[in-house]
Amino acid sequence: MNRAQKTARTNLILILPGLAGVIALWAIELRAIAFWLLAMLMAIVNSRNYYEKKSQKDITTFDERDELITRKASVIAYRLLWAFFGWACLLAWILTSPEGKISVNWLFAALFGGSVVFNLVFSIAILIFYGRGDKDGEE
Amino acid sequence: MAKSELKNEVRRLRFENGEMTQQQLADRVGVTRQTIIAIEAGKYSPSLPLAFKIARTFGRPIEQVFQYGSDDGLKS
């Protein structure tokens, strides 16, 4: 398992339980805590991604195949991110009607929800594209 | 990743070249061992520069290392 796969796996381990926690807190009306948990979760995930990209530049840990897989995963994640934003806007419009109002919380939820969608889809796509990984083994 | 139409002799040539390991080949051509595994399994088609590097490592012309699987659709 290479660095990209490990990062993707760790992201899933962080995001999925974190998201379940956010939804549970939201459901029991602890919305402020749910927002903070979501913001902290995404700050941790995004900062980890940033620092891991900056490290290990001297040895070959990222080559043309990794670049191709990362690019494909990014394209899929960006498409779904835009679909999420589109639906977030449409849903607000449908629920409130053209003359209605929405809470500013909606913007916060769309921003961090978009970050969750991007990281979640990117991580899953990375794991799928690498396939069996090291199970092929040295021969 | 999808199975590529490019066939190759990388595995055989590694063994013919002093039983070179996948890691040794990867280090020589500047990629990860996973990429060599994927190329040998036909799961990944290398770029032209990488294909040339691999062929040069074995001291063979590129067409002896990599072969396109089908001639269908090629015009003479």
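The neighbour count for Arg12(B) CZ, taken as heavy atoms of other residues, nucleotides or ligands under 6.0 Å away, is above 12. Within 6.0 Å of the CZ atom in Phe52(B), the count of heavy atoms belonging to other residues, nucleotides or ligands does not exceed 12. For Arg56(B), the CZ atom counts as loosely surrounded, since its 6.0 Å shell holds 12 or fewer non-hydrogen atoms of other residues, nucleotides or ligands. More than 12 heavy atoms of other residues, nucleotides or ligands lie within 6.0 Å of CZ in Phe108(A), so this atom counts as buried by the packing criterion.
For the side chain to side chain contact (heavy atoms under 4.5 Å, CB included) with Asp63(A), the qualifying choice from Ile36(B), Val31(B), Leu50(B) is Val31(B), the only one to do so.
From Ser45(B), atom OG reaches atom CZ of Arg65(A) across 11.5 Å, with rounding to the nearest 0.5 Å. The CD1 atom of Ile69(A) sits 8.5 Å away from the OH atom of Tyr44(B) when rounded to the nearest 0.5 Å.
The heavy-atom pair separating Phe62(A) from Thr32(B) by the smallest distance is N-CG2, 4.1 Å.
At least one side-chain heavy atom of Gln5(A) sits less than 4.5 Å from a side-chain heavy atom of Gln34(B).
In terms of hydrophobic clustering, with Ile, Leu, Val, Met, Phe, Trp and Tyr side chains grouped at heavy-atom distances under 4.5 Å, Leu38(A) and Ile23(A) are assigned to a common cluster.
Although no hydrogens or angles enter the test, the distance criterion places no donor-acceptor pair under 3.5 Å between the side chain of Glu64(A) and the main chain of Pro46(B).
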